[in-house]
Amino acid sequence: MRFRTFCIMFVLGCAALLIFIPVSVIATEINSIPADRLNLLLENIENNFSKIKTLKTMLIQEKSIPVFSEKIFSKGFCIFKSPDKLRLEFTQPFKSSLIVNGNHISQYEFFDGTWQKLSTGNKEILLMIMGNITSWLKGKFKDPKLYKISAFENEKMTIVLTPKADEFKKFITSFELGLNNKLDGLEYIIINETKNAVTKIQFYNDQVNTKISDTIFQGTKNGPTKVSQW
Amino acid sequence: MVNCQFFRPCKKVMVCLFCCIVFFVSNSGCSVKGDHYQEITHQKQKKDILNTVADLYPDQFKAMHRVILTLSGKDYVLNGYLSVNRLNRELKLIAQNDLGGIVFDVHYIENIKNKIHNNIRLIKNEWLEKSLLRDLKTLYLLEPHLSDTVFADRRGRFILSRKEGLVTKKMIFRPIKKQAQYRLREIIHLKNGKRIYFINFEYGKQGENSYPEFIFIKDTRMRYSLKIYVQYFML
């Protein structure tokens, strides 16, 4: 009796393996979006995202760094006002603020109890990166000069941007942009870097199309304009 | 009888004499920022002092640095991820741009390995090899030697001094409140009496931390400064 049960279990186990292995292989193949569907998908996403005029979202940044076995967490928030205003601020463990208002960039660091305005040295690079984030928040993922674009769908739809230029590839292997179920907002950005470093920025507690004053994007010498928590 | 008339011609001479006395009195012995200090030559006493100032950090630890590098009047923000093994005399550092992307990385083992990989043109390899590595070694691998000249001042500070070529290197330790231990507060490099490099260490607003929370480095020859906020991850 016991031997019979064992045989049945063994056969069922083998059958399960035979069924599930090919399914999982096929699944990864099916999940990548083919080129003809990709264009339609991107148009649909851009149309959905174009309804976002303002966005306030909290964020948690999770970093995996080769020299650290533990993950490094930072907290902050992001405020966006279409078409070209973006504020990215970290509140923990270090306080810093990066504000883009059109072509103007302001950078602050919180030292010794006060905000200090920095004389930004790498303005062009920061403007380029912040410009990329602004485009993504507007649903514009296609940038054929900079990135090769692809998408896959598991639980969520994810857009993958792979840098084309060798200079860029030295820093970033790819960006993964995770969309929400309605395909009308970003849930996370994963930055796959060289040397197996990975940064994941998870957005939460979004507020879409609430009134945001322009002063939020106008820093002074004494620091960025205060933002009340939401 | 000597009257006021006698002093009038001598007035200038007396003022000069008074100034000379003040000058000699103030400069008798040595001084750091105007504080008198005395050399400790007694070997046992010196050893005891070195024991109280040593072991600022544990043998192994990790730290995250939030760094503002100021170069030619411009600020660059970097995040440094550092692993230190003081027993192996080993340092590993990954420096990332503020918004992600590895700018450079360093793996150093004293007398064995010195690997620096730089990803951007903005930072010169020479700066990484000479300045950055020197800063890291000074911050995390520097240790007091018995060969150092040791001074003590009236405020209870100890100054360890050593000469390397034309440069005099000083480490200034101050006592921790109500404890018989000392913390490194300053490192100064002097050349021809001029300060060419210094590091300040701050241990929190109340000076309550065991390890520096804020570090300021200034190199006047290489014309850069570093403001470093540190978060530690002890092993």
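So you know, we letter chains A, B, ... as the sequences are listed, proteins then strands, and number each from 1.
No more than 12 heavy-atom neighbours from other residues, nucleotides or ligands sit within 6.0 angstrom of NZ on A:Lys75. More than 12 heavy atoms of other residues, nucleotides or ligands sit less than 6.0 Å from atom CZ of B:Arg162. In the displayed structure, B:Lys218 atom NZ is contacted under 6.0 Å by at most 12 heavy atoms of other residues, nucleotides or ligands.
Listed by chain and residue number, A:Arg87 satisfy the salt bridge (Lys or Arg N to Asp or Glu O under 4.0 Å) test with A:Glu89 (two or more places apart in sequence, or in another chain). With sequence neighbours excluded, the residues satisfying salt bridge (Lys or Arg N to Asp or Glu O under 4.0 Å) with A:Lys156 are A:Glu187.
A:Ile72 touches chain B through its side chain: at least one heavy atom from C-beta onward sits under 4.5 Å away, while N, CA, C and O do not. Neither the backbone nor the side chain of B:His107 comes within contact range of chain A; no heavy atom of the residue lies under 4.5 Å from a heavy atom of that chain. For a residue to count as touching a neighbouring chain, one of its non-hydrogen atoms must lie under 4.5 Å from one of that chain's; by this rule A:Gln61 does not touch chain B. For a residue to count as touching a neighbouring chain, one of its non-hydrogen atoms must lie under 4.5 Å from one of that chain's; by this rule A:Phe111 touches chain B with backbone and side chain alike. Residue contact with chain B, scored on non-hydrogen atoms closer than 4.5 Å, involves the backbone and the side chain of A:Phe68 alike. For a residue to count as touching a neighbouring chain, one of its non-hydrogen atoms must lie under 4.5 Å from one of that chain's; by this rule A:Lys123 does not touch chain B. Looking at A:Phe110, only its backbone comes within 4.5 Å of chain B, counting heavy atoms on both sides.
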Please report, to 0.1 Å, the donor-acceptor pairs under 3.5 Å made by any side chain of residues 138-151 of chain A, with sequence neighbours excluded.
residue	atom	partner	partner atom	Å
A:Lys138	NZ	A:Pro83	O	2.9
A:Lys142	NZ	A:Asn39	OD1	2.9
A:Tyr147	OH	A:Asn132	OD1	3.0

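Ranked by heavy-atom pairs under 4.5 Å with chain B, the first of A:Ile125, A:Leu126, A:Ile133, A:Ile129 is A:Ile129. Your options are B:Gln96, B:Gln231, B:Lys92, B:Glu202, and the one with the most heavy-atom pairs under 4.5 Å with chain A is B:Gln96. Contact count versus chain B (heavy atoms, under 4.5 Å) is highest, among A:Leu88, A:Thr173, A:Thr120, for A:Thr120. Comparing B:Leu71, B:Asn97, B:Ile102 by heavy-atom pairs within less than 4.5 Å of chain A, the highest count is held by B:Ile102. Of the listed residues A:Leu98, A:Asn122, A:Thr199, the one with more heavy-atom pairs under 4.5 angstrom with chain B than any other is A:Asn122.
At a threshold of 4.5 Å between non-hydrogen side-chain atoms, the residues B:Ile68 and A:Leu118 count as touching. In this structure, the side chains of A:Gln107 and B:Val77 come closer than 4.5 Å at one or more pairs of heavy atoms. With a 4.5 Å cut-off on side-chain heavy atoms, A:Pro93 and B:Arg66 do not count as touching. Here the side chains of A:Pro66 and B:Ile94 are in contact, with some heavy-atom distance below 4.5 Å.
To the nearest 0.5 angstrom, A:Ser96 atom OG is 12.5 Å from B:Tyr229 atom OH.
The backbone N or O of A:Ser119 sits less than 3.5 Å from a side-chain atom of B:Asp75, completing a donor-acceptor pair.
Under a 4.0 Å N-O distance rule, the pair A:Glu109/B:Lys227 does not qualify as a salt bridge.
The nearest pair of heavy atoms linking A:Phe171 to B:Val103 is CE2-CA, 4.3 Å.
Scanning residues 201-230 of chain A against chain B with a 4.5 Å non-hydrogen threshold yields no residues.
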